[in-house]
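Position 1 is the first residue of the sequence, and the numbers go up from there. These numbers come from a predicted model, not from an experiment.
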Amino acid sequence: MKNLNSQEIVAKTHRSVLLAECLSGLAIIKDGVYIDATFGRGGHSLAILELLQNGKLIAIDRDPQAQTYANEHFNQSNQLLNCKQNSFIFCANTMSELENISQYLGVLTQIDGILMDIGVSSPQLDDPLRGFSFSKDGPLDMRMDTRSGISAMDWIATTDAKEMARVFSRYGEEKFAMKIAFAIENTRIQTPITRTLQLAEIIAAAMPFKDKHKHPATRCFQAIRIEVNNELKELAQGLDAALNSLKIGGRLVVISFHSLEDRIVKQFMRSHATKLDLMPNLPVPVYANEIRLKLIGKPIKASILECEQNPRARSAILRIAEKIK
């Protein structure tokens, strides 16, 4: 098999969002140990590897297609890795297992930097067979790990209208959540809902009026995807695991793409970077926590040029913190 260089590999994948800013935020040292907790198709991973010399990169992803891609392009026969004596390890798992993975590999509290690029990846969105897209017809799946869990089709088939509306409202911030849920419930009585475009049409028809700048199914598809993959719980657990796994001085770099994700990241970093006084009216403060993180700079958004070249970057927010305890 031909060994691909970085340009060839990245050309075959989606554009890595805020790539230069992520590398800067990680403050990479040549012989350091790093984790890419959301490998995807390896754009960020490859860029990290190119800056290492005798370093180690551990990549994590639960998507079996990501594992296949890593095996084909990031194995130890790759000349790019061999020429710099770098070690690359792929772990087919979730980010919530990051601490356990670090312990198993013997690098717990020795990690110099952890990168998380949260949410669905462009290859997942672009493949109709994965069922993430409301604009391309495919089976209604949406699982990031197609080997386990309940599919979106099964969730739609078995969830009552009240629970569907709760998910649409909470995870999609959908104003017409109950109307859409009832429309889905009424439709599935007549015929099974098994395809992405079928569901998108039901959602669109249930809306009293449409947003000119957003597809009617955007919020509900996001909500179903988050629910099926347990994404927000995975993110919260992954952040805790990352903090416990980093060394003192190690960097945590997180990209989020919607307000629900960013709120969790922001609150997590602030809660570990600011002391909370339980009794502010007393003369002596009573702190409920210890400061373990230092915030690095302000939240970063993609430039106008990057947004033009990669529309997915428009909603991206990058936050950086450093472990100090």
Side-chain angles (χ1 to χ4, degrees), residues 14 62-63 65 94 118-236 256-264 311-317:
H14 67 286
R62 55 175 153 172
D63 188 337
Q65 292 185 4
T94 59
I118 307 303
V120 65
S121 69
S122 293
Q124 289 169 330
L125 282 172
D126 294 340
D127 183 356
L129 296 178
R130 300 301 301 272
F132 289 100
S133 175
F134 45 73
S135 59
K136 299 175 183 178
D137 191 40
L140 197 55
D141 195 314
M142 296 196 199
R143 288 173 297 169
M144 292 181 177
D145 184 351
T146 53
R147 301 162 296 190
S148 64
I150 183 172
S151 69
M153 181 182 71
D154 291 335
W155 187 82
I156 286 291
T158 59
T159 306
D160 63 48
K162 185 176 179 180
E163 175 62 11
M164 276 193 283
R166 184 193 70 82
V167 169
F168 296 158
S169 177
R170 182 179 179 186
Y171 297 150
E173 299 174 299
E174 174 55 65
K175 292 182 292 185
F176 305 112
M178 189 56 75
K179 286 181 179 291
I180 293 168
F182 280 134
I184 291 171
E185 190 173 60
N186 290 334
T187 301
R188 75 187 185 193
I189 294 172
Q190 306 298 324
T191 183
I193 301 171
T194 62
R195 310 289 295 183
T196 53
L197 290 187
Q198 180 189 12
L199 178 60
E201 289 168 3
I202 294 167
I203 294 170
M207 285 189 161
F209 58 87
K210 313 293 189 297
D211 186 336
K212 293 181 180 180
H213 307 292
K214 187 171 290 187
H215 190 286
T218 301
R219 296 183 182 91
C220 287
F221 267 60
Q222 172 183 295
I224 296 169
R225 190 201 83 216
I226 290 173
E227 174 71 10
V228 165
N229 293 289
N230 204 15
E231 290 181 37
L232 299 187
K233 185 177 180 181
E234 276 291 323
L235 173 57
S256 55
F257 289 88
H258 59 74
S259 58
L260 296 175
E261 294 170 344
D262 185 56
R263 191 176 303 127
I264 291 172
R312 182 174 179 249
R314 288 179 297 188
S315 59
I317 299 177

Supply the atom-to-atom distance [X] [atom1] to [Y] [atom2], rounded to the nearest 0.5 angstrom.
| X | Y | atom1 | atom2 | value |
| --- | --- | --- | --- | --- |
| Tyr171 | Ile224 | OH | CD1 | 13.0 Å |
| Gln198 | Asp137 | CD | CG | 9.0 Å |
| Asp262 | Ile317 | CG | CD1 | 4.0 Å |
| Met144 | Arg225 | CE | CZ | 5.0 Å |
| Ile202 | Asn186 | CD1 | CG | 10.0 Å |
| Ile264 | Leu232 | CD1 | CG | 4.5 Å |

Check: Using 4.0 Å as the upper bound for N to carboxylate O, is an ion pair formed by Asp160 and Lys162?
Finding: no

Check: Does the pair Arg147/Asp145 count as a salt bridge with the N-to-O cut at 4.0 Å?
Finding: yes

Do you know the tightest heavy-atom contact between [X] and [Y]?
| X | Y | value |
| --- | --- | --- |
| Asn229 | Glu234 | O-CG, 4.2 Å |
| Lys210 | Ala204 | CE-O, 3.0 Å |
| Arg312 | Ser121 | NH2-CA, 4.1 Å |
| Ala165 | Ala177 | O-CB, 3.4 Å |
| Glu174 | Cys220 | CG-SG, 4.1 Å |
| Lys136 | Thr196 | O-OG1, 2.7 Å |

Check: What do you reckon, is CZ of Arg170 surrounded by more than 12 foreign heavy atoms closer than 6.0 Å?
Finding: no

When you measure from the side chain of [X] to the backbone of [Y], do you find a donor-acceptor pair of N or O atoms at a distance under 3.5 Å?
| X | Y | result |
| --- | --- | --- |
| Ser256 | His258 | no |
| Arg130 | Arg143 | yes |
| Lys179 | Pro208 | no |
| Arg263 | Leu260 | no |
| Thr218 | Lys214 | no |

Next item on the list: Using a 4.5 Å cut-off on heavy atoms from C-beta on, say whether the side chain of Leu140 contacts that of Arg195.
Entry: no

Notebook entry, point to check: Is the distance between the ring centroids of Phe176 and Phe209 under 6.0 Å?
Noted result: yes

Notebook entry, point to check: Hey, are Gln124 and Asp63 close enough side-chain-wise for a donor-acceptor pair under 3.5 Å?
Noted result: yes

Next item on the list: Verify side chain to side chain contact (heavy atoms under 4.5 Å, CB included) between Met142 and Phe221, making sure each step is shown before the conclusion.
Entry: CA-CA 9 Å; Met142 296 196 199; Phe221 267 60; 3.3 Å; yes

Note to self: Under the criterion salt bridge (charged side-chain N to carboxylate O under 4.0 Å, His left out), I'd like the reasoning laid out for Asp211 against Arg219: C-alpha separation, chi angles, the key distance, then a yes or no.
What the structure shows: CA-CA 11 Å; Asp211 186 336; Arg219 296 183 182 91; 3.7 Å; yes

Next item on the list: Report the residue from Thr159, Val167, Ile150 that forms a side-chain contact (heavy atoms from CB on, under 4.5 Å) with Glu227.
Entry: Val167

Next item on the list: Could you go through the side chain to side chain contact (heavy atoms under 4.5 Å, CB included) check for Met207 and Ile180 one step at a time?
Entry: CA-CA 7 Å; Met207 285 189 161; Ile180 293 168; 4.0 Å; yes

